[in-house]
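Hydrogens, waters and symmetry mates are skipped; everything else that's a heavy atom, side chains included, is used.
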Amino acid sequence: MRPVWSGAISFGLVTIPIKVFPATESHSISFRQIHTADGGRIRYRKVCERDGEELAQEEIGRGYETATGTLVPVTDADLDAMPLPTAKAIEIVTFVPTESIDPIQIGASYYLAAEGVAAKPYELLRRALQRSSKVAVAKFAWHNRERLGLLRVLDDVIVLHAMLWPDEIRSTDQVPVPDVNVSDEEVDAAVALAETLTGLDMSQMRDEYRAALEEAIAAKATGERPPAPEPTEPASAQVVDLMAMLEKSVQDAKATRGEPATVHPMPAKKTAAKKTAAKKTSTASTKKAPAKTVAKKTASKRKPSRSA
């Protein structure tokens, strides 16, 4: 594993030389753009818009475009001369409880390693982080900008998480929140589903889409037809019984894990019960009414026979 940056951690008056290694790797499948008519690769060339000449990488610099369209050249020397203490170091500015950091701020992650004379101060910082049960918030300059970072300990290694600045987080006020009523029974059913789905081993999770895509590419590369996808039921736009769907989700989750499915009776709706009871009473009254009428008619028919 090759380092992506070298610098130092500034911890008060203590300086810890470190190397930065990427903590994650991407397994995404990348595609090339091709000409659909003949399959040829599509290439991009870097051409100067003034003279039309194609440029080599060493001929290309950087510039900032102003609101009026003027390009202001910015060289490596300009960036190196920036009066920032974080230009060459990860400067720790404060220590905070872990729970005070909102995960929405956390970005890419990196491992920090130290060797030689830096080993002892590195170990000192690592143990201080562990004993304090806190994380360190730091600032560092990287890729032409100053960044916010978080230092914590994973196993025996100090990890740097790049973070967003507070003003880069959008307010939730911009998100519309539906105004709906949810019953306690529905919340209980949702919590029961959450409990059923608790305990999944994260290390066993895999990217099924990538696996299917690799299988399809391998089939096409050998001239075979890619496997047909399994049919799925389209999502229904109709309003469903939320309680029934939650109950079914619990049973499906248990079946997937091989647990015995326990069917719990759904709570009856009080309004429906009252209507059913009223309907039964009305039906019973209707059935009894003809019996009385028949009895009266029979009695009236028998009276003349007695007088005769």
Side-chain angles (χ1 to χ4, degrees), residues 1-10 15-92 104-116 118 122 138-151 157-165 167-170 207 209-210 213-214 216-218 220-221:
M1 189 164 56
R2 298 179 60 182
V4 294
W5 188 75
S6 296
I9 300 174
S10 177
T15 300
I16 312 171
I18 49 93
K19 292 182 179 179
V20 180
F21 297 89
T24 60
E25 57 185 2
S26 174
H27 293 161
S28 299
I29 297 175
S30 59
F31 295 100
R32 305 294 186 187
Q33 290 185 323
I34 62 173
H35 186 193
T36 56
D38 56 18
R41 281 280 305 274
I42 304 298
R43 302 283 184 175
Y44 290 94
R45 293 180 172 87
K46 298 179 179 181
V47 178
C48 177
E49 64 177 16
R50 287 190 176 181
D51 55 24
E53 292 186 5
E54 184 177 350
L55 304 178
Q57 185 60 42
E58 58 269 15
E59 298 178 281
I60 300 174
R62 66 175 66 85
Y64 176 80
E65 185 174 4
T66 65
T68 59
T70 302
L71 290 173
V72 180
V74 179
T75 66
D76 290 340
D78 294 331
L79 297 178
D80 292 339
M82 293 286 291
L84 286 176
T86 57
K88 298 294 184 181
I90 301 173
E91 182 185 14
I92 296 177
I104 199 171
Q105 285 188 262
I106 298 178
S109 303
Y110 304 90
Y111 294 141
L112 306 184
E115 297 176 347
Y122 179 95
K139 295 197 297 182
F140 62 101
W142 198 8
H143 295 308
N144 304 326
R145 57 170 294 193
E146 189 173 50
R147 299 170 180 265
L148 195 63
L150 179 148
L151 298 177
V157 177
I158 298 177
V159 181
L160 167 67
H161 298 282
M163 296 177 63
L164 297 173
W165 295 97
D167 60 359
E168 293 179 312
I169 306 298
R170 292 179 174 176
D207 187 348
Y209 179 84
R210 179 171 61 88
L213 183 56
E214 288 176 342
I217 293 173
K220 295 196 70 174

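One distance of note links CD of Glu115 with NZ of Lys19; it measures 5.0 Å at 0.5 Å rounding. Expressed to the nearest 0.5 Å, how far NE2 of His161 lies from CG of Leu148 amounts to 12.5 Å. To the nearest 0.5 Å, atom CZ of residue Arg170 and atom CG of residue Leu164 are 11.5 Å apart. Atom CZ of Phe140 and atom CH2 of Trp5 lie 7.5 Å apart (nearest 0.5 Å). Within the model, atoms CD1 of Ile104 and CD1 of Ile106 stand 11.0 Å from one another, a figure rounded to the nearest 0.5 Å. Interatomic distance, NZ of Lys139 versus CZ of Arg147, reported as 14.5 Å (0.5 Å rounding).
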Item to check | Step-by-step side-chain contact (heavy atoms from CB on, under 4.5 Å) determination, Val20 to Leu112 | outcome: CA-CA 5 Å; Val20 180; Leu112 306 184; 3.6 Å; yes
Item to check | Test log, rule side-chain contact (heavy atoms from CB on, under 4.5 Å), inputs Thr70 and Glu65 | outcome: CA-CA 5 Å; Thr70 302; Glu65 185 174 4; over 6 Å; no
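Cys48 approaches Leu55 most closely through the heavy-atom pair CB-CD1, 4.2 Å. Annotation for Ala118 and Pro17: closest pair CB-O, 3.4 Å, computed over non-hydrogen atoms.
Checked against side-chain contact (heavy atoms from CB on, under 4.5 Å), Arg2 has no partners two or more places apart in sequence or in another chain.
Side-chain contact between Ile90 and Trp142 is absent, with no heavy-atom pair separated by less than 4.5 Å. No side-chain heavy atom of Glu53 sits under 4.5 Å from any side-chain heavy atom of Val47. Taking 4.5 Å as the limit, some side-chain heavy atom of Tyr111 sits within range of a side-chain heavy atom of Val159.
Look at Glu168 and Arg145 and you find a salt bridge, because one of the NZ, NE, NH1 or NH2 atoms lies within 4.0 Å of a carboxylate O, short of that distance.
For residues 30-41, the set of pairs meeting the salt bridge (Lys or Arg N to Asp or Glu O under 4.0 Å) definition, not counting sequence neighbours, is empty.
Under a cut-off of 6.0 angstrom, the local environment of CD in Glu58 is crowded, with over 12 non-hydrogen atoms contributed by other residues, nucleotides or ligands.
For the side-chain contact (heavy atoms from CB on, under 4.5 Å) with Arg62, the qualifying choice from Leu79, Thr75, Asp78 is Leu79, the only one to do so.
A donor-acceptor pair is defined here as one N or O able to donate and one able to accept, closer than 3.5 Å; no such pair exists between the side chain of Tyr122 and the backbone of Ile18.
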Which side-chain N or O atoms in residues 21-31 pair as donor and acceptor under 3.5 Å with protein atoms at least two apart or in another chain?
from, atom 1, to, atom 2, distance (Å)
Glu25, OE2, His27, NE2, 3.3
Ser26, OG, Ser28, N, 3.3
Ser26, OG, Ser28, OG, 3.3

